[in-house]
Structures are given as C-alpha cells and as structure tokens.
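Each ligand, and each atom within it, is numbered from 1 in the order the structure gives. On a predicted model such as this, the values are computed, not experimentally measured, just so you know. Residue numbers start at 1 and run along the sequence shown.
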Amino acid sequence: MMDTLGMAPASMTSRVTSLLGIPLDLGSHTPGARMGPAALRIAGLAPLLEELGCTVEDAGDLAPPHPVDPGFTPENAAGCLNLEQITGWTRLIHDHAYDLLARGRLPLFLGGDHAISMGTVSAVARHCQEEGRDLAVLWVDAHADFNTPETSPSRNMHGMPISFLTGDTSLRPLLGDRPLKPVPPPDIHVFGARSIDTAERRRIREYGLGCTDMRTIDEHGIATLLRPLIAEWQARDVHLHVSLDVDVMDPSLAPGVGTTVPGGMTYREAHLIMETLCDSGLVGSIEVVELNPFLDERGRSAKLLVELVGSLFGRTVLDRPAARTRAF
Ligand code: MG
Ligand code: MG
C-alpha cells in the first residue's frame with residue numbers, strides 16, 4: 001500500500017464513521033460474499049480511515065435473520081431466488097441502516113452482495129425524506145441491476161435492487177409496512193456499465209435511469225463525465241450515496257467477485273472517481289459490495305477496495321488545496 005498523505009475533509013470527519021458488516025450472499029447462486037466484511041477489515045479498512053482523521057466505530061456484522069414470507073407477492077416475484085431469506089435480510093438491514101443515519105453516523109456498509117442495497121438505500125431514502133433532502137445515488141458497477149422478477153433471466157435478486165428502489169410494485173412487499181420513498185430513476189446513475197440485459201436496456205430508456213457505459217468512459221474520460229453530474233448534485237445539495245460494486249474493476253485487478261466482466265476500469269480511473277466524489281463534499285453514505293474472498297487471490301481485491309475507500313475519504317498523493325473548496 002502506498003504511503004498515506006492527506007486528510008479526510010470536514011464533511012466526512014464531522015460525523016462518526018460507522019462500519020456495518022452485512023454478510024449476505026443469497027442474492028445469487030455463488031456463495032462467498034458473506035465473507036466480504038471480514039476481508040475488508042483484515043485488509044485494514046478501519047486503521048486507514050483513522051489515519052485519515054476519521055473517528056470510526058465498528059458496529060459488527062448483522063446476524064442472519066429468520067426467513068420472512070413477504071405476504072402477498074405477485075406470482076412472478078414468488079420465483080425469485082431465496083425470496084423469503086432476502087425479505088428477512090432487507091427488513092433487518094433497513095432497520096439498522098435507518099438507526100445509524102438517525103444517530104448522525106456516516107454509514108459505511110460492508111457487503112455482502114448487491115441485494116443488501118434494497119435495505120441500505122431504502123433506509124437512506126427514508127432518512128433523506130425526513131430531512132427534506134434530495135437523494136442521489138452513484139452506482140459504480142459493471143451491471144445496471146435494473147431487472148425485475150419478470151425480466152430477470154436468472155431470478156437472482158442481486159440484479160434487482162434498482163428496480164426495488166425506484167418503486168417496482170412486484171418487489172414492494174419485501175419491506176413490509178416500513179415506508180418506502182421511491183428514488184426517481186434519473187437520480188440513480190449507473191457508472192461503468194458493460195453488461196446489460198436486453199430487457200434492462202429497454203427499461204433504462206423507458207424510465208430514464210442514469211447510465212454511463214465503459215465505451216463512453218473510454219471516449220470522454222472520468223473527469224469530464226463526472227463533472228456535470230456533481231455540479232447538478234451540488235446545486236441541489238443532495239445526500240450522495242455511493243454504491244461500489246467490485247465488478248466495475250477490470251478482473252485482472254480485482255478477481256474476487258462472482259460476476260467478472262472483461263473491459264473494466266483501470267486502477268487510476270476508479271481512484272479518480274473516488275477522489276472526485278470526496279472533493280464534492282456530498283457523500284453521506286457508502287457501501288462496498290460483491291467482494292467474494294473465496295474467489296480472490298491473496299486478498300488483492302480486498303486491498304484494492306480498501307485503497308479506493310481511502311481515496312473516497314481523502315487520501316491523496318500530494319496535498320491539493322483546491323480540492324477542499326468544491327472545485328466543481
Ligand atoms: Mg451490482
Ligand atoms: Mg455488478
């Protein structure tokens with residue numbers, strides 16, 4: 001790991017950073033992401049954040065809940081993989097995430113596969129509504145995760161969280177009687193996509209989901225593409241939730257994931273995203289998902305993710321005074 005210079009900005013040190021491990025890997029047929037929280041801790045996540053000036057509390061890992069029958073569920077949703085278990089998880093995650101936000105914490109959720117977002121982001125959306133603040137989500141991922149039970153070829157629920165979060169009615173019973181504030185699709189932006197199912201492609205157009213694919217990144221570069229998004233979010237003073245799926249990286253850099261797709265981000269591209277988001281001063285909650293230590297090579301994917309989180313919290317190679325003054 002490189003030498004650490006720089007400090008986390010005041011927007012991220014004014015609150016206690018709370019790590020919450022979510023060992024859920026029932027969102028697909030590939031087990032192993034349940035070990036993600038342990039691997040991220042072993043790779044040195046908390047000491048790095050403390051070195052950057054953050055106050056860190058580790059809330060531990062959530063214990064697997066009992067399965068819950070979601071009650072009335074449209075017939076197509078009933079065929080989803082592990083529906084009852086994920087219903088139990090979604091409600092448990094939502095309650096804990098909402099509590100952390102209500103206590104003023106900066107949550108850093110350690111997945112777990114991307115199905116955890118149905119609990120985490122729904123809690124963030126509920127919190128933002130109560131605070132009278134808009135929510136924007138940057139979904140850094142090789143996939144759009146915008147399938148529904150009807151469109152999903154696999155019925156794997158880690159490919160459905162954005163449909164749930166934007167209000168798909170067939171998935172609504174997962175949250176039971178807890179309030180769900182649907183996130184408008186244009187306020188969720190998938191960044192780094194390169195594997196999108198045919199039905200998802202149609203839905204992205206139909207609903208206006210934000211989406212930047214790898215070809216666009218190749219052609220224009222990270223900074224050019226992020227700048228207008230951040231400018232718009234700053235003008236609205238949004239709460240920005242960052243959802244980082246390790247499969248956005250090129251598999252040669254991060255092999256520890258069950259859904260590798262060739263042609264992913266380089267080391268510097270991913271760090272530039274995190275550095276730019278840090279500079280924005282908007283980040284209010286974070287999750288790192290899909291790390292599968294069982295598929296990793298001597299912890300290199302876990303170490304890379306910890307370094308990326310370090311950049312999100314202000315680690316820099318050289319001090320950059322302009323970066324602290326909302327350069328956008
Ligand atoms: Mg994903
Ligand atoms: Mg993915």
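With a 4.5 Å cut-off on side-chain heavy atoms, D197 and P153 count as touching.
Note on E275 versus R268: salt bridge recorded, some NZ/NE/NH1/NH2 to OD/OE distance being below 4.0 Å.
The shortest non-hydrogen separation linking P161 to H114 is CG-O, 3.5 Å.
The aromatic rings of H94 and Y98 sit parallel to each other, their planes meeting at less than 30°, with 60° as the upper class boundary.
Among protein atoms, those of element N, O or S found less than 2.8 Å away from the Mg ion (ligand 2) are D141 OD1, H143 ND1, D245 OD2, D247 OD1, D247 OD2.
Looking at H158 and E290, their side chains do bring a donor and an acceptor atom within 3.5 Å of each other.
Applying the side chain to side chain donor-acceptor pair (under 3.5 Å) test to every pair with at least one member in residues 19-35, sequence neighbours left out, gives these pairs: D25-R34, H29-N156.
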